[in-house]
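In each ligand, atom 1 is the first atom listed, and ligand 1 is the first ligand listed.
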Amino acid sequence: MDFVSTRGGSEPVSFTEAFARGLAPDGGLYVPRHLPLLPQTILVEDALPYAALAWDFLSLFDSDHDSEHLVDIIDRSYGNFSDTMNAPLQQLSDNLFVLELFHGPSLSFKDFGLQLIGSLFEEQIERTGVSINVLGATSGDTGAAAIHGLAGKKGAKVFVLYPEGRISELQERQMTCTGADNIYPIPIQGTFDDAQAIVKELMSDLSFKEELRLSAINSINVVRILAQCVYYIHAFTQLPPDNRDDISFVVPTGNFGNIFAGWMVHQMGLPVDRFVVATNQNDILYRLFNTGEYRPDAVRPSHAPSMDIQVASNFERFLYYHNEKDAKATLAQMGQLKADGSIKIANFNASNFAATRSTDEDILKNIRMVKEKYDYVVDPHTACGFQSLDLTSTQVILATAHPAKFPDTIREAIGETPTDPALEKIKQKDQVKYPVAATADAVRQFLKENAI
Ligand SMILES: *Cc1c(COP(=O)(O)O)cnc(C)c1O
């Protein structure tokens with residue numbers, strides 16, 4: 001399968017090339033040239049083991065690795081989850097299900113994308129003999145997941161920018177306490193959007209990117225999206241047969257990567273009635289789906305920090321499909337967004353979508369409600385998914401992080417402190433981090449001095 005840029009100014013590339021580049025040279029995002037139909041055998045009664053399903057799905061897009069190689073890459077990626085189902089579906093009531101995506105090594109759904117990315121990088125370094133420097137920005141969980149995917153791997157260094165003081169202490173510790181010497185956590189004074197803007201700027205400096213053999217880990221990498229598609233199918237095949245009509249997936253959303261993956265599998269034939277975009281008080285997408293206007297605002301820190309985002313990078317992919325794959329139109333809209341600070345999307349057809357918004361107070365209230373009503377503890381991001389629930393049909397809420405990552409908020413809501421053995425261990429360790437000024441030039445200089 002070839003991958004093309006949403007802005008139409010770059011040559012189509014193969015799976016491994018799209019993976020290695022991250023961002024397309026024209027500044028656009030890679031998408032598959034076309035979306036194949038899911039083989040109907042995938043949607044059978046019983047759930048396949050996760051790795052087998054991942055192979056069935058990913059082999060539709062990866063025509064570069066032979067079968068055996070891809071099996072090996074997938075096994076390396078998903079063999080170390082703490083639950084043998086990888087993404088188990090919990091039933092809370094007749095129509096209410098939670099898809100637990102927090103059983104990977106860093107306890108958030110980001111492990112699904114970044115474990116695969118780590119294995120693909122490892123394979124690439126072995127195959128080409130060329131070392132790489134991985135650069136990304138994180139609102140907390142991406143960095144931790146990327147670092148767990150690449151810590152200690154030969155021939156790779158990882159540089160992760162994050163907004164100092166705006167991620168939880170445990171999220172920070174997951175990045176700074178690995179003990180691996182190829183990991184560079186970089187706190188900056190600013191927001192996640194500032195961090196992401198620096199990464200984008202450095203990544204679009206093509207000669208610098210080439211000189212340092214830079215690779216991306218943010219949700220702009222199309223492989224992360226593809227990896228995340230798999231658990232939507234996995235969820236579907238775990239639903240009782242009576243719950244397979246009229247399904248809503250409710251997705252705590254920031255950068256629009258996770259929910260976009262679901263929407264993509266739906267385009268490939270997964271029967272889904274509705275996607276619910278669940279935002280926190282940073283509600284750009286809530287406003288978009290209600291007004292058709294996309295207008296980034298200032299970020300306001302919340303109890304769900306991994307969703308404290310105003311510039312949802314993956315939205316460009318959705319726009320491209322909304323424009324019926326018209327890359328010229330997408331390029332014009334992205335230019336207009338940059339120039340005017342907002343865009344109004346004509347004929348915005350979001351019939352498959354609904355959106356909710358949760359304030360910090362709602363997050364606490366929802367954590368309490370879920371505990372009282374279902375005796376189940378959700379993290380603050382997942383709590384956003386419980387806003388305005390419609391239980392007249394099947395609701396699958398994506399649980400995006402383990403509650404133990406956010407002990408303070410959970411304690412405030414229900415007076416309990418959830419724990420996890422992996423997190424207890426890192427509380428005792430020394431932190432290693434590399435503060436750099438929040439400018440592209442300062443980060444460029446730091447990378448030049450420390451890259452492999
Ligand atoms: C990253 C993240 C989100 C937001 O996901 P997007 O793909 O950016 O929409 C939600 N919850 C948690 C716990 C996250 O880490």
J.: Evaluate the ring planes of Phe353 and Phe289, with Trp represented by its six-membered ring, and classify them as parallel (under 30°), tilted (30 to 60°) or perpendicular (over 60°).
T.: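 Answer is parallel, since the angle falls under 30°.
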
J.: Tell me whether the centres of the aromatic rings in Phe97 and Phe249 are closer together than 6.0 Å.
T.: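 Aromatic pair excluded; centres sit 6.0 Å or further apart.
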
J.: If the cut-off is 4.0 Å to any non-hydrogen atom of Pro252, which atoms of ligand 1 fall inside it?
T.: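 Within the 4.0 Å cut-off of Pro252, ligand 1 contributes 4 (C), 10 (C).
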
J.: Can you list the steps and then say if Met175 with Ile183 is a side chain to side chain contact (heavy atoms under 4.5 Å, CB included)?
T.: CA-CA 8 Å; Met175 297 194 277; Ile183 303 298; 5.9 Å; no

J.: Given Gln228, Lys110, His381, Arg224, which one has a non-hydrogen atom that is nearest to atom 1 (C) of ligand 1?
T.: Lys110

J.: Any nitrogen or oxygen of Ile309, main chain or side chain, under 3.5 Å from a nitrogen or oxygen of ligand 1?
T.: no

J.: Is there at least one pair of N or O atoms, one from Phe256 and one from ligand 1, spaced under 3.5 Å apart?
T.: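 Yes: some nitrogen or oxygen of Phe256 is under 3.5 Å from one in ligand 1.
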
J.: So if I count the atoms of ligand 1 from 1 in the order they appear, which ones are less than 4.0 Å from some heavy atom of Thr253?
T.: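 So the answer, numbered in order with elements, is 9 (O).
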
J.: Centroid separation under 6.0 Å, is that true for the rings of Phe236 and Tyr231?
T.: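 No - the distance between ring centres of Tyr231 and Phe236 does not fall below the 6.0 Å cut-off.
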
J.: For ligand 1, is there an N or O atom under 3.5 Å from any N or O atom of Asn255?
T.: yes

J.: Any idea which atoms of ligand 1 are less than 4.0 Å away from a heavy-atom of Met307?
T.: 3 (C), 4 (C), 10 (C)

J.: Salt bridge check, Lys153 against Glu122: does any charged N sit closer than 4.0 Å to a carboxylate O?
T.: yes

J.: Would you say ligand 1 has an N or O under 3.5 Å from any N or O of Gly257?
T.: yes

J.: Looking at ligand 1, does any of its N/O atoms fall within less than 3.5 Å of an N/O of Asp141?
T.: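 For ligand 1, there is an N or O atom that lies under 3.5 Å from one belonging to Asp141.
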
J.: Below 3.5 angstrom, do we get any N/O pair linking Ser108 and ligand 1?
T.: no

J.: Just by modelled atom types, is the Leu29 backbone N or O under 3.5 Å from a matching donor or acceptor in the Thr6 side chain?
T.: yes

J.: Can Phe109 be said to touch ligand 1, with heavy atoms closer than 4.0 Å?
T.: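 Heavy atoms of Phe109 do come under 4.0 Å of ligand 1.
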
J.: Under 6.0 Å from the CD atom of Glu324, do we count more than 12 heavy atoms belonging to anything else shown?
T.: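 Not buried by this count: 12 neighbours or fewer within 6.0 Å.
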
J.: Answer yes if the side chains of Gln387 and Thr356 hold a donor-acceptor pair under 3.5 Å, and no otherwise.
T.: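 Short answer, no.
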
